[in-house]
Amino acid sequence: MDRIIFHIDVNSAYLSWSAVHRLQQGDSLDIRTVSAVIGGDEASRHGIVLAKSTLAKKYGIKTGNPLREAYNLCPNLIVIPPDYNLYVKASQAMVNIFHDYSPRVQQFSIDECFLDYSNMSYHHGAPLEVAHTISNRIEKELGFTVNVGISSNKLLAKMASEFEKPNKVHTLFPDELEEKMWPLPVDELFMVGRQTKRQLHQLGIHTIGDLAQANTDMLYTYMKSHGLLIQSFARGLDHSPVRKSNFEVVKGIGNSTTIRFDANTYDIAYKVLLSLCETICMRLRSSELVCQLISVSIVTADFKHASHQRKLYSTTDSTSHIFYIAKELFDELWAGSPIRKLGIRISELSDNDFTQLCVLDTDDYIKEQRKDHAVDQIRRKHGTTAIYRACFLHSGIKPMSGGVGEEHYPVMTSLL
DNA sequence: TCTGGGGTCCTAGGACCC
DNA sequence: TCTGGGGTCCTAGGACCC
């Protein structure tokens with residue numbers, strides 16, 4: 001029995017969600033109908049385009065553009081700051097609707113879902129019909145539009161939802177591949193980014209069809225396993241199941257931040273690291289997990305990336321402990337050049353129910369644990385700024401940085 | 001093009017073991 | 001100590017996704 005998979009993608013997600021919210025608040029202007037973008041704060045160096053309206057797109061504005069550039073392309077551009085808490089809520093409301101049509105829903109990112117509709121036609125109707133029903137319900141009940149792609153696997157469903165936008169339903173079944181997907185430029189294929197596109201062009205491969213028909217040995221020679229992966233995608237092959245939502249099987253937790261100014265002292269860098277640790281560790285503990293691998297990354301003012309990581313002998317969820325390691329890693333890493341961005345990531349996660357106590361200083365460990373939990377509770381009850389370390393007073397550095405809100409945030413992954 | 005923040009996976013070299 | 005091959009683990013960096 002053939003599978004039926006839907007891929008649902010919110011049109012200009014952040015912009016649409018902010019638009020709906022503003023209308024609900026009584027604003028008369030629908031920002032979807034003018035040239036508008038969602039973007040960060042330029043003064044604190046977070047100024048890039050996160051989402052754009054169709055009109056803004058017509059001016060040539062792309063996601064990821066610096067706001068400065070976007071203004072140059074369209075001087076009367078409206079820029080609205082992101083509201084991540086709102087986006088998490090809007091996303092959840094949409095997922096709830098999907099569950100009316102299938103129990104097998106995988107949230108792939110904040111604005112994308114896969115839905116396994118195999119063997120469900122008897123209950124809700126033919127795939128194409130029900131795709132329209134879902135799309136209409138979202139528009140009517142939640143106020144924004146989506147694209148739906150339908151196929152027999154996730155890869156093709158995802159490719160289908162990328163076709164004409166907005167507010168459209170497309171199919172891309174295997175017998176439609178040659179006509180609908182093969183003529184497209186090769187970089188429109190999932191997992192073909194800038195570097196891969198460049199390599200493929202050097203091999204004379206320009207369309208998805210070229211890639212599908214290319215010599216497999218040659219692809220392997222030049223691109224190793226990635227070459228085989230994208231060729232099987234070009235041929236429409238993908239057997240991955242609609243699995244649990246990615247955030248239910250999170251592999252690591254990381255936060256990073258671009259500092260408002262280039263940091264050039266240990267004091268500032270340590271404060272930023274501590275504020276990142278606070279956020280990460282609270283996320284870690286509220287997921288009832290512990291970690292065993294800690295990595296620190298630096299982006300210097302000249303955009304050079306570097307990172308160091310260390311595996312611990314035992315697992316931990318202590319803010320002080322993780323901060324201590326992070327400081328050491330940073331010391332190894334930093335050669336003194338001005339720092340633009342700092343990041344920490346913890347991984348090799350496991351359940352916290354059998355935390356192995358280090359033979360040394362168990363007393364300290366237990367004390368730390370109590371303290372961490374007490375602070376977590378206060379923050380959950382009274383907000384993240386209800387309690388913070390004195391060193392952040394008048395420092396110009398936020399006591400908790402990174403993160404997008406109180407709630408769990410769906411993670412994104414390149415793996416179907 | 002002065003370019004955010006959250007993720008995952010792969011590769012390659014070196015250490016270490018047998 | 002002039003020397004093979006295979007396996008695993010660790011680390012740093014780079015590719016990709018939204």
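Residue numbering restarts at 1 for every chain, and letters A, B, ... go by the order of the sequence lines.
- Distances were taken from every side-chain heavy atom of K251(A) (C-beta onward) to each of dT11(C), dC2(B), dC9(B); the shortest belongs to dC9(B).
- At the phosphate of dC9(B), neither OP1 nor OP2 sits under 4.0 Å from any side-chain N or O atom of H226(A).
- Going from atom CG of L50(A) over to atom C1' of dC17(C) covers 16 Å, rounded to whole Å.
- Contact annotation for A306(A): backbone-only contact, meaning every heavy-atom pair under 4.0 Å involves sugar-phosphate atoms and none involves a base.
- One atom, CG of D41(A), and another, C1' of dG4(B), lie 12 Å apart when rounded to the nearest Å.
- Taking atom CD1 on I253(A) and atom P on dG5(B), their separation rounds to 18 Å, with Å as the unit.
- Contacts of G40(A) with the nucleic acid, taken as non-hydrogen atoms under 4.0 Å apart, are absent.
- Toward the 5' end of DNA chain B, the nearer of the two residues T63(A) and S225(A), judged by each one's closest nucleotide, is T63(A).
- Considering only side-chain N and O atoms, N255(A) lies under 4.0 angstrom from the phosphate OP1 or OP2 of dG6(B).
- Ring geometry for Y87(A) versus Y84(A): interplanar angle over 60°, hence perpendicular rather than tilted (30 to 60°).
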Q. Can you check side-chain hydrogen bond (donor to acceptor under 3.5 Å, both in side chains) on N153(A) and S151(A), steps first, answer last?
A. CA-CA 6 Å; N153(A) 67 44; S151(A) 187; 4.9 Å; no
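- Side-chain N/O atoms of R345(A) include one lying less than 4.0 angstrom from OP1 or OP2 on dT8(B).
- The 5' end of DNA chain B is approached more closely, in terms of each residue's nearest nucleotide, by D302(A) than by the other of D302(A) and K224(A).
- Going from atom CZ of R340(A) over to atom C1' of dC2(B) covers 7 Å, rounded to whole Å.
- The aromatic rings of Y266(A) and F330(A) sit perpendicular, their planes meeting at an angle over 60°, well past the 30° parallel limit.
- Nucleotide dC10(B) forms a pair with dG13(C), judged by Watson-Crick or G-U wobble geometry with both contacts under 3.5 Å.
- Separating the CZ atom of F303(A) from the C1' atom of dG5(B) is a distance of 13 Å, rounded to the nearest angstrom.
- Checked against dA12(C), dC16(C), dT3(B), the side chain of I48(A) finds its nearest nucleotide in dT3(B).
- Using a 4.0 Å heavy-atom criterion, one finds that H308(A) contacts the sugar-phosphate atoms exclusively.
- Residue K158(A) has no polar side-chain atom (N or O) positioned under 4.0 Å from OP1 or OP2 of dC17(C).
- Contact annotation: K311(A) reaches the phosphate of dC10(C) (side-chain N/O to OP1 or OP2, under 4.0 Å).
- Taking side-chain N and O atoms only, T257(A) has a distance below 4.0 Å to OP1 or OP2 of dG5(B).
- With respect to R45(A) and D262(A), a salt bridge is recorded, a charged nitrogen being found less than 4.0 Å from a carboxylate O.
- Within 4.0 Å (heavy atoms only), Q195(A) reaches sugar-phosphate atoms of the nucleic acid but no base atom.
- One can place CG of L293(A) at 14 Å from P of dC9(B), the figure rounded to the nearest angstrom.
- Contact between the side-chain N/O atoms of S256(A) and the OP1/OP2 oxygens of dG4(B) is not found at any separation under 4.0 Å.
- Nearest nucleotide to the T258(A) side chain, out of dT11(C), dG5(B), dC2(B): dG5(B).
- Between S109(A) and the phosphate of dG6(B), there is no side-chain N or O to OP1/OP2 separation shorter than 4.0 Å.
- When rounded to the nearest whole Å, the span between NZ of K62(A) and P of dC18(C) equals 16 Å.
- Nearest heavy atoms, F144(A) versus R32(A): CA-NH1, 3.9 Å.
- In this structure, M223(A) atom CE and dG14(C) atom C1' are separated by 14 Å, rounded to whole Å.
- Counting non-hydrogen atoms under 4.0 angstrom, R194(A) reaches the backbone sugars and phosphates but no base.
- dC18(C) is paired with dG5(B) under the criterion used here, namely a Watson-Crick or G-U wobble arrangement in which both key atom distances are under 3.5 Å.
- Contacts of N65(A) with the nucleic acid, taken as non-hydrogen atoms under 4.0 Å apart, are absent.
- For the pair K180(A) and F163(A), the NZ or CZ position fails the cation-pi test of under 6.0 Å to the six-membered ring centre and within 45 degrees of the ring normal.
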Q | Derivation and outcome, side-chain hydrogen bond (donor to acceptor under 3.5 Å, both in side chains), residues R285(A) and T319(A) | A | CA-CA 10 Å; R285(A) 290 187 294 266; T319(A) 303; 2.9 Å; yes
